[in-house]
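To start, the structure itself, in structure tokens.
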2 protein chains.
Amino acid sequence: MTTPGRGLHGRVLDTLGPEITAGEYPPGSVLRTDELAQRFDVSRSVMREAVRVLESMHLVESRRRVGVTVRPMAEWNVYDPQVIRWRLAGADRPRQLRSLTVLRSAIEPVAAGLAARHATAEQCAELTECALGMVANSRGHKLEEYLVHDVAFHRVILDASGNEMFARLGDVVAEVLAGRTHHDVMFEDPDPAAVTLHVQVAEAVRAGDAARAEELTREITVGALQELDILAP
Amino acid sequence: MTTPGRGLHGRVLDTLGPEITAGEYPPGSVLRTDELAQRFDVSRSVMREAVRVLESMHLVESRRRVGVTVRPMAEWNVYDPQVIRWRLAGADRPRQLRSLTVLRSAIEPVAAGLAARHATAEQCAELTECALGMVANSRGHKLEEYLVHDVAFHRVILDASGNEMFARLGDVVAEVLAGRTHHDVMFEDPDPAAVTLHVQVAEAVRAGDAARAEELTREITVGALQELDILAP
DNA sequence: CGTGATGAATAAGTCTGACTTTTTGTCTCC
DNA sequence: GGAGACAAAAAGTCAGACTTATTCATCACG
């Protein structure tokens with residue numbers, strides 16, 4: 001991950017950020033920088049830097065003579081990787097995971113279609129390698145190794161799409177996939193059908209068959225959605 | 001937009017942010033906080049707050065004994081509304097607009113499908129109202145009025161999807177639509193086919209026909225993509 | 001009564017200067 | 001030429017004094 005302790009203000013954020021995103025302070029609550037500085041035993045300057053960061057994430061708003069007020073969830077920068085991480089670590093992790101999976105289901109098929117058009121030879125090779133890695137670890141409870149290749153696969157697809165907005169969702173996808181493997185119970189080996197689909201996507205991309213790559217990826221994400229629906233219908 | 005002058009550090013960001021996102025400092029360049037503070041005629045504390053914000057956007061990285069180094073574009077938080085605004089105001093606006101339009105083409109159809117399932121009666125009414133507003137202003141060079149309804153329409157769709165990640169893209173869509181109307185030349189009235197499609201989407205959502213809403217919206221976004229391809233093939 | 005002006009209290013905002021800590025580059029010395 | 005010590009540089013931290021905007025309450029006036 002990113003460095004955890006990058007300065008005192010970072011330490012403050014590591015506990016204050018999750019508190020806010022967990023909804024511990026209802027929207028409209030006011031925090032006083034002086035009190036916060038006391039609580040975390042840091043100087044006001046450090047506390048102010050932390051508040052500035054929270055402010056840039058639209059988690060809070062700082063106004064004179066009022067204090068630091070917590071903004072309603074609807075205004076948060078929910079695409080900020082830091083915010084995503086905080087929320088995934090908190091109580092509404094399931095809800096968050098569902099939102100992100102729906103996002104994946106919208107993005108990844110289109111990204112795969114673009115990848116089929118734009119992927120370099122090197123990226124095609126990487127993709128095939130990842131798919132093979134998934135096959136090799138799809139049986140025998142080698143979930144960790146499988147995950148590594150799965151994440152790499154989707155990263156390559158997103159990168160190869162040539163769209164920077166898609167490419168930057170690699171971390172999000174990684175978080176979602178890791179979450180599925182680690183937190184949510186996943187005793188069994190991955191679905192063989194999903195593994196096959198990944199191999200086929202790699203083929204389609206290499207063949208430059210955009211429509212097929214898109215459709216196959218859609219099937220993968222539909223599978224991911226169904227998985228969630230089974231877990232929490 | 002958001003408040004322009006929210007403190008001294010905000011003023012600094014208003015000029016430093018665009019400079020960085022415009023690529024005026026190549027990746028790896030180092031800035032010294034002291035020099036920046038002098039340049040902007042602010043105290044070091046204010047300058048530090050500004051740097052913290054840039055850091056949280058992953059535009060720069062601050063390291064001891066080294067300085068504030070500019071990160072490569074691939075690491076920027078390109079979903080940060082502030083970053084998007086800075087980049088849209090800069091030189092690579094066209095590229096940015098294309099990326100965002102591709103993003104729209106992935107998100108909005110899925111969002112429309114979900115909206116057909118989840119939209120409240122009130123949201124359906126709003127949608128119809130927006131569509132009618134578009135029709136009413138589709139002829140006679142009433143581009144501004146048309147834009148207002150167009151933006152509102154897409155916002156309602158994204159909100160009604162019930163997915164917060166989609167909902168938060170409302171501002172992005174607004175920027176893209178506004179960009180198309182204002183910056184890129186658009187002398188003529190909007191495409192009548194597009195107007196009809198919006199009306200039909202509103203109908204499909206009200207009827208709860210997810211597949212149809214999705215497909216119609218896909219046509220809208222395909223149109224938006226073609227528009228860009230014609231302007232800069 | 002309301003209504004608008006006055007003023008005081010409050011909390012964020014700003015600046016300054018001194019000090020600490022980490023990192024890096026260099027200069028020995030073996 | 002490599003290992004370790006040393007010095008310089010820049011960010012990081014802190015404390016305290018001061019400024020400024022905002023809110024709220026009070027009070028006079030219509």
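We use all heavy atoms of the structure for the numbers below, so side chains are in, but hydrogens, waters and symmetry mates are not. Just so it is clear, the structure is predicted and the values come from calculations on it, not from any experiment.
Rounded to whole angstrom, the span from the CE atom of A:M47 across to the P atom of C:dA12 amounts to 10 Å. Remark: C1' of C:dT14 and CG of A:D34 are 14 Å apart, rounded to the nearest angstrom. Distance B:R48 CZ to C:dC15 P: 15 Å, rounded to the nearest Å.
Contact annotation: A:S62 reaches the phosphate of C:dG13 (side-chain N/O to OP1 or OP2, under 4.0 Å).
A:T33 comes within contact range of the sugar-phosphate backbone alone, with a heavy-atom separation under 4.0 Å but no base atom that close.
The aromatic rings of A:Y79 and B:Y79 sit parallel, their planes meeting at an angle under 30°, below the 60° perpendicular limit.
Across all non-hydrogen atoms, the minimal contact from B:V151 to B:A174 is CG1-CB, 3.8 Å.
For B:S43, the side-chain hydrogen bond (donor to acceptor under 3.5 Å, both in side chains) partners at least two apart in sequence or on another chain are B:S45.
Residues A:H154 and A:H149 keep their aromatic ring centres 6.0 Å or farther apart.
B:H198 is listed as a side-chain neighbour of B:I220, based on a closest heavy-atom distance under 4.5 Å.
If you walk DNA chain D from 5' to 3' and mark each nucleotide with an atom closer than 4.0 Å to a heavy atom of chain B, the marks span D:dA8 to D:dT13.
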Item to check | Where protein sits on nucleotides 19-26 of chain C, one letter per nucleotide: B base, S sugar-phosphate only, - none, heavy atoms under 4.0 Å | outcome: --BSBB--
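Within 6.0 Å of CD in B:E129 there are 12 or fewer heavy atoms belonging to other residues, nucleotides or ligands. By the neighbour-count criterion of 12 heavy atoms within 6.0 Å, atom CD of B:Q38 is sparsely surrounded, having that number or fewer from other residues, nucleotides or ligands.
Side chain of B:N77 to main chain of B:D80: no donor-acceptor pair is present (N/O by atom type, distance under 3.5 Å, no hydrogens or angles).
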